[in-house]
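Worksheet: one structure, shown below.
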4 protein chains.
Amino acid sequence: MDQSDRSRGRPRDPAIDDAALRAARELLVEVGWDKLSMVAIADRANVGRPALYRRWPSKTHLVFEAVFAWQDAPTPVLDAPTSSDWVRGSFAYTTELFQRPEVRAALPGLMASLRDHPELQSALWKEFGRPGLSSLESLLRAEGSTTPATDAQATMVLVIGACLVTSLLGGSPTVTDRLPHLLRTNADG
Amino acid sequence: MDQSDRSRGRPRDPAIDDAALRAARELLVEVGWDKLSMVAIADRANVGRPALYRRWPSKTHLVFEAVFAWQDAPTPVLDAPTSSDWVRGSFAYTTELFQRPEVRAALPGLMASLRDHPELQSALWKEFGRPGLSSLESLLRAEGSTTPATDAQATMVLVIGACLVTSLLGGSPTVTDRLPHLLRTNADG
Amino acid sequence: MDQSDRSRGRPRDPAIDDAALRAARELLVEVGWDKLSMVAIADRANVGRPALYRRWPSKTHLVFEAVFAWQDAPTPVLDAPTSSDWVRGSFAYTTELFQRPEVRAALPGLMASLRDHPELQSALWKEFGRPGLSSLESLLRAEGSTTPATDAQATMVLVIGACLVTSLLGGSPTVTDRLPHLLRTNADG
Amino acid sequence: MDQSDRSRGRPRDPAIDDAALRAARELLVEVGWDKLSMVAIADRANVGRPALYRRWPSKTHLVFEAVFAWQDAPTPVLDAPTSSDWVRGSFAYTTELFQRPEVRAALPGLMASLRDHPELQSALWKEFGRPGLSSLESLLRAEGSTTPATDAQATMVLVIGACLVTSLLGGSPTVTDRLPHLLRTNADG
DNA sequence: TACTAACCGAGACGGTACGTCTCGTCTTCCC
DNA sequence: GGGAAGACGAGACGTACCGTCTCGGTTAGTA
């Protein structure tokens, strides 16, 4: 079944995927999201424009995959012993990701375009949020939280949001380092 | 001098400003930032395109004014007795603001453009961030924080970031209500 | 009425019409109909592509006007004293027209495209065929033809067809010169 | 040698030739030459595109064969007793041929492409023009023409041209029937 | 019977033209 | 001099077709 599907016609050249994604990342940091165009990516990657449209239905999808290249670090498993450790680790990971030049360049435009592509929204959440969220929830339950699911989600919202603001508007390391200390993880009030 | 400059010739029709800003707000929630075009604004407002460019140098400036300089009570006075009250009030205010349809629609695109328009960034900060920040700093200092300035900035980053994420990706009221409790305001650890 | 229509907005730049038509004629003889593209015309004429589409709905319309630039010699009045003179003059005029390099280059492609543009077909006939046809009909009637209208049309078909074949497939001057003698203009058999 | 070359490997499927030529004829009358594409022919014939390019080097060659090499009696023998009979017979034959729907559809585009494919031009001439031309020349010489070769060529140009124009631009039967009478075959003036 | 060369479809490839769209500016006439 | 209408150059968009290629698989004839 999949055999017949797989073998029909000339297979796509995987080198084109790589070249296009790399070109997108490079152009992103060079010219920014607004001035990034499919034709520029195609030219830089030495690839025909139809080859791009064959793979990604829009610039948003292409950049989304170019920026969040999950595959090499598929899931940053957070095996933190306590919720405080989880928060610290999560801040470190998210900050590093959001400080990459191509991510900084892509983030705002990507979020603006995400509006028209719900499937990317859910993909983002599934790949990025789910795994860490459940581990945090377990930690909070073990530590006695009465609403571990809600607390875990709220904590993640705070972490991601703070890193987002820092990435977009800039932020001094002094402030960034202070962030983890301002989150309480046993707030049963 | 500017008086004479200002008074020469036919004065600008203020009705055009209103119509353009209203049209921008409406279109923003209807089609989103990406698909918002100057020609669409001009058409909806029954106004010529040059009239828009005479008033605002770019789409970003127009939308910025349409979304933020719209309200009659621009300065939200926060006279909170404690830092916890400040956090609660700030969350309430920011959440309400970021949940308005036109703000939700404009936010990501606006953030993308803020990078290219530092004057808007500083205007936004002055109008929006500064007042609350200094009041929080005073509260924290009074409550014994050793680094009130850093803590105030970090707290504000967390508040704004969390509201941003909630606004962009959606968030259940349960989680939103939980956010203020997860911020500690006396973290001297 | 036409006053208001005429005066609304910026008028079209007539220099663009000239430049585009000239560029089309030049490119026609240089690269031929098949390789003639709107973008090439726009580039050669130093004109934006939308300016072309604003004026002509298709490449066919543009080339049609570029090739049959009637305006300078609006109607080749054939004041021939006899039908034989008319045939000779008509051959001379049509041969000259169909031997122009740009016409030779455009003719076959134009005729292939004419299929999809009936309005150009009728325009061609009205501008090109009608005037000469009626004068020939008068001559034939004066010379005693019993079916002057039919004879005039048939004669014109022969003249145009022969020039068309000569233009497309080439033809020695010996043969070309012989053509007028082979048409009888008083065939009452 | 060519025998071994020809017979090695799987022989070409003759059904593909037929299906492709039939599809080309059908599409020709449906969409016209300009909008005729190889992919459309391949799809209609349920055939892969490479199978077409294996058989014909270009769209022109394919359509040429589809339109002209289709008939079973390729050589129209003209054994006319007089040059007038020849003209009448030639008109009848050519008119019939040029009025076939697929020929009408193919003619202009084919003529446009003939310029770029001299081998097709000569093939067309050999198959189509030569035989009739030499027979007419013999008749004219027998009837006393002083320049039978030139007269024969010119006559053929007139016949083909008139039928071409009639086919392309349409023509009433009244006019078409009149055409043969307007050709003089003994013009020694 | 096995080999093998040429066929077959499907479909990806780089390239290129298409016609449309939006941008921000300019030019015209009217008020 | 403001305002509307709309043309302007520039350039990205997404689609279509071109002619070539690369697949996995098929179909003969030859060994």
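Order of the sequence lines fixes the chain letters, A, B, ..., with proteins taken first and strands second; residue numbering starts at 1 for each chain. Note that the structure is a prediction, hence the values are computed from the model and not measured.
- Rounded to an integer number of Å, the gap from Asp18(A) CG to dC13(E) P is 13 Å.
- A heavy-atom distance below 4.0 Å to DNA chain F is reached by these residues of residues 43-53 of chain D, ordered by number: Arg49(D), Pro50(D), Tyr53(D).
- A straight line from CD1 of Ile16(D) to P of dT27(F) spans 12 Å, rounded to a whole angstrom.
- The CG atom of Asp13(B) sits 16 Å away from the P atom of dC31(E) (whole-angstrom rounding).
- DNA chain E is contacted by Leu36(B), Ser37(B), Met38(B), Val39(B) of residues 33-42 of chain B, taking any non-hydrogen atom closer than 4.0 Å.
- To the nearest 0.5 Å, atoms CH2 (Trp33(A)) and CD (Glu102(A)) are separated by 13.5 Å.
- You'll find the side chain of Val67(C) stays beyond 4.5 Å of the side chain of Arg100(C), heavy atoms only.
- The side chain of Arg12(D) places an N or O atom within less than 4.0 Å of a non-bridging phosphate oxygen (OP1 or OP2) of dC7(E).
- Note: CG (Asp116(C)) to C1' (dC18(E)) measures 15 Å, nearest angstrom.
- Of the inter-residue distances, the one linking Leu168(B) atom CG with Met111(A) atom CE reads 4.0 Å to the nearest 0.5 angstrom.
- Atom pair Arg10(D):CZ and dT27(F):C1' shows a separation of 5 Å (rounding to whole Å applied).
- No donor-acceptor pair closer than 3.5 Å links the side chain of Arg55(D) to the backbone N or O of Arg12(D).
- For the pair Arg55(C) and dC8(F), the criterion of a side-chain N or O lying under 4.0 Å from OP1 or OP2 is met.
- Side-chain contact between Leu114(A) and Leu124(A): present, with at least one pair of heavy atoms (C-beta onward) separated by less than 4.5 Å.
- Rounding to whole angstrom units, CZ of residue Arg54(C) and P of dA10(F) are separated by 13 Å.
- For Ser167(D), the side chain to side chain contact (heavy atoms under 4.5 Å, CB included) partners are Phe98(D), Arg104(D), Leu107(D), not counting sequence neighbours.
- Looking only at side-chain heavy atoms (C-beta outward), Trp56(D) and Leu21(D) come within less than 4.5 Å of each other.
- The NZ-P distance, from Lys59(D) to dT20(F), rounds to 15 Å in whole Å.
- With rounding to the nearest 0.5 angstrom, the CG atom of Asn46(A) is 10.5 Å from the CZ atom of Arg44(A).
- Residue Leu36(A) holds its CG atom at 12.5 Å from CZ of Arg25(A), rounded to the nearest 0.5 Å.
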